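The residues of the chain are indexed from 1 along the displayed sequence. Because the structure is predicted, anything quoted here is derived from the model rather than measured.
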Amino acid sequence: MEKKQEIFNLVKVKHELVKAYGEEYGYQYVLMTVLIGSQNYCLDTADSDVDTYSYVLPSYLNFITNSGPLISKEINLADGSKAYIRDIRLGLNSLRKSSPNSVECFLSAYKVYDPFFDEVLSNYLNNDDTLFYLTHCNYKNMVDAIAGTVGSLHGRNMSLGKKYAHALRLKNLLDKYLNISAFPSQYLIPDPKVLEIAFKAKNHPENFTEEELKQKYEEIRDDLNTFKKYYQVSEAEKRIEYLAEHNIDRFEYKLFNKYFELNGLVWRTP
């Protein structure tokens with residue numbers, strides 16, 4: 001419990017830090033700041049960084065005129081961690097694609113909300129049923145993205161143990177994601193057996209030979225590529241995608257209507 005509170009406090013610190021960059025980077029509100037990375041799926045160690053994503057609303061003039069590029073910044077902090085800043089419109093577009101990164105952000109157990117938007121965000125992001133639809137807008141893209149992410153690990157500068165660990169947990173994430181009866185809160189943390197193997201491979205790779213780690217990683221990569229090639233979206237999944245799109249539209253409407261209200265206007269009710 002003490003560790004969870006410590007992580008949450010660090011996310012709160014990052015939230016306040018990002019607010020301080022608002023005038024410089026052109027945003028009016030920091031809607032929410034969320035934890036990303038290994039703490040979300042319990043593969044962290046004492047040395048793991050606390051990286052965060054902050055979703056922001058741009059200046060009002062930028063918003064109503066839709067002028068200029070959408071905000072996307074990255075701050076490297078003195079402790080070695082990163083604070084990513086993204087326009088909420090980018091976040092919503094990512095949700096519509098069901099990208100693994102957006103799923104990780106919106107399902108994080110560590111979220112800090114702007115008080116003006118707390119009610120809207122809490123209603124959507126603290127509810128498993130609503131989160132299920134927010135994160136299931138595009139099954140095929142999720143399958144493709146996870147397969148692509150695992151494949152791209154091969155060229156990254158990381159240990160074989162870490163590559164295998166990430167491949168394991170991403171495959172487990174996909175297995176859970178495709179189980180339409182699963183609740184979102186179950187997605188990010190790998191199953192106990194998967195978690196045990198992934199943690200050991202990442203943090204104690206001496207328990208494996210290099211050839212063994214390489215072979216295990218490549219098996220997962222090849223399995224995911226094969227699955228990606230033949231995967232077909234079912235009728236049940238198509239229905240969920242339809243409901244998910246409307247759920248995101250409602251979420252967007254509530255957020256932006258609140259933004260207009262805070263700036264003295266109210267959208268016409270559709």
So, do Tyr217 and His166 have ring centers that fall under 6.0 Å from each other? no
Look at the aromatic rings of Tyr53 and Tyr55 and report parallel, tilted or perpendicular, splitting at 30° and 60°. tilted
Is it the case that one hydrophobic cluster holds both Phe183 and Tyr110, taking links as side-chain heavy atoms less than 4.5 Å apart, direct or via other members? no
So which heavy atom on Cys105 is nearest to which on Lys111, and how close? O-CE, 4.2 Å
Is a salt bridge present between Lys229 and Asp144, judged by a nitrogen-to-oxygen distance below 4.0 Å? no
Are Glu219 and Lys216 within salt-bridge range, i.e. N to O under 4.0 Å? no
Looking at Lys14 and Asp51, is any side-chain nitrogen of the basic one under 4.0 Å from a carboxylate oxygen of the acidic one? no
Could you list the residues that satisfy salt bridge (Lys or Arg N to Asp or Glu O under 4.0 Å) with Lys73, not counting sequence neighbours? none
Tell me every residue that passes side-chain contact (heavy atoms from CB on, under 4.5 Å) with Asp222, counting only those two or more places apart in sequence or in another chain. none
Is the closest basic N to carboxylate O distance between Lys214 and Glu210 below 4.0 Å? no
Phe117 and Tyr259 aromatic ring geometry - parallel, tilted or perpendicular at 30°/60° bounds: tilted
Salt bridge check: are Lys238 and Glu235 linked by an N-O gap of less than 4.0 Å? yes
Applying side chain to side chain donor-acceptor pair (under 3.5 Å), can you list everything that pairs with Asp49, at least two apart in sequence or on another chain? none
Less than 6.0 Å separating the ring centroids of Phe260 and Phe63? yes
